[in-house]
Amino acid sequence: MNKKITSEIFRDDPYKKECEAKILDFGDNWIILDQTVFYAEGGGQLGDTGLIKAGQEEIQIENTIKENTLIKHIFNSKFDFKIGDNVTCIIDWDRRYKLMKMHTSLHLLCSLVNAKVTGGSVGDGKGRLDFNLDFKPNKEELKDNLNDLIQGNHDITISWISTQELDKNPNLVKTMSVLPPRTNGTIRMVRIGDNIDYQPCGGTHVKNTSEIGLVEINKVENKGKLNKRVAISLV
Ligand SMILES: [Zn+2]
């Protein structure tokens with residue numbers, strides 16, 4: 001039996017808003033395609049929402065999740081599918097672009113706090129990181145430094161290293177809570193600027209920090225002796 005795979009267009013081109021695809025499988029509230037622009041929930045980032053169109057009909061996709069090598073588009077309505085049907089996938093771009101901006105902002109935040117990340121979440125406009133840290137970072141200082149980095153016009157670039165290379169350099173992993181995705185023995189690395197931030201990540205990011213605009217630090221909270229939470233939002 002052939003192993004079914006959903007090709008992840010959003011990994012190579014996070015700016016692609018729609019694509020054609022073929023139905024591989026479906027259930028009462030999910031549909032699996034041969035390729036998709038919908039990001040599947042993971043690494044703290046929410047799954048995409050949007051539309052899937054087949055002929056004159058369209059369904060609202062409420063979430064996207066990963067299941068091994070496949071991606072499930074989740075919906076909550078009646079639809080008449082057939083395996084092999086051609087469809088058009090269209091993501092809610094406004095929401096996704098905010099997720100990309102927030103996700104990239106959190107990498108920058110990570111670069112400003114010298115501590116491992118113990119948790120986090122990426123929302124469309126809001127996000128947070130928890131740090132393994134015994135003191136609260138200064139809120140105003142953090143805000144100024146973060147916005148300076150954003151306005152520094154730094155490019156975000158993607159590269160790949162082998163799993164062995166990552167295992168030899170464990171300090172590249174900054175999140176204690178999320179393990180980087182391993183695809184066929186390779187790890188996707190995300191770099192900001194020359195050396196602002198460099199870490200494994202499977203999420204979607206903007207191409208240049210200037211796209212983010214401005215961010216606000218909403219809270220710097222004490223969540224325990226070795227746990228400080230920084231919550232930020234897009235302005
Ligand atoms: Zn990332």
Side-chain angles (χ1 to χ4, degrees), residues 8-17 36-49 63-66 71 91 93 95-132 142 145-147 149-150 152-163 165-166 169-183 186-213 215 217 229-234:
E8 304 176 336
I9 293 175
F10 54 85
R11 293 237 198 262
D12 296 327
D13 186 2
Y15 287 81
K16 203 161 160 59
K17 302 166 186 72
T36 189
V37 286
F38 282 76
Y39 178 78
E41 187 177 347
Q45 185 178 326
L46 295 174
D48 278 334
T49 58
N63 194 15
T64 309
I65 58 172
K66 182 128 180 155
I71 289 177
I91 54 169
W93 172 248
R95 179 175 178 275
R96 155 70 92 66
Y97 195 40
K98 282 186 203 155
L99 286 164
M100 284 160 59
K101 289 179 186 179
M102 179 46 64
H103 190 129
T104 312
S105 303
L106 292 176
H107 277 253
L108 293 173
L109 175 63
C110 199
S111 78
L112 291 170
V113 180
N114 188 24
K116 290 276 186 189
V117 173
T118 54
S121 76
V122 186
D124 57 336
K126 284 186 178 175
R128 63 169 172 84
L129 287 178
D130 292 342
F131 294 98
N132 185 34
L142 211 48
N145 291 337
L146 193 51
N147 283 310
L149 283 178
I150 288 169
N153 286 313
H154 302 290
D155 285 332
I156 288 88
T157 49
I158 307 294
S159 58
W160 299 84
I161 62 171
S162 67
T163 50
E165 214 174 325
L166 183 73
N169 298 281
N171 284 332
L172 290 175
V173 180
K174 294 173 185 173
T175 54
M176 294 158 78
S177 56
V178 181
L179 286 175
R182 295 176 175 230
T183 318
T186 59
I187 302 284
R188 185 177 190 256
M189 299 297 294
V190 175
R191 187 188 290 277
I192 304 185
D194 288 332
N195 210 10
I196 293 168
D197 188 59
Y198 179 59
Q199 59 174 302
C201 186
T204 57
H205 312 83
V206 293
K207 276 188 196 141
N208 187 282
T209 56
S210 62
E211 292 177 49
I212 297 166
V215 296
I217 308 272
R229 174 170 295 178
V230 181
I232 69 173
S233 58
L234 301 172

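Both counts, for ligands and for their atoms, begin at 1 and track the order of listing.
The distance from the CZ atom of F10 to the OG1 atom of T64 is 8.5 Å, given to the nearest 0.5 Å.
Side chain of Y39 to main chain of L99: no donor-acceptor pair is present (N/O by atom type, distance under 3.5 Å, no hydrogens or angles).
Residues passing the side-chain contact (heavy atoms from CB on, under 4.5 Å) test with S121, sequence neighbours excluded: R128. Among residues two or more places apart in sequence or in another chain, the side chain to side chain donor-acceptor pair (under 3.5 Å) test is passed with K116 by none. For N147, the side-chain contact (heavy atoms from CB on, under 4.5 Å) criterion is met by K143, I150, Q151, L214, V215, not counting sequence neighbours.
Around the Zn ion (ligand 1), the protein atoms of type N, O or S that sit closer than 2.8 Å are H103 NE2, H107 NE2, C201 SG, H205 NE2.
A donor atom on one side chain and an acceptor atom on the other are found under 3.5 Å apart for S210 and N153.
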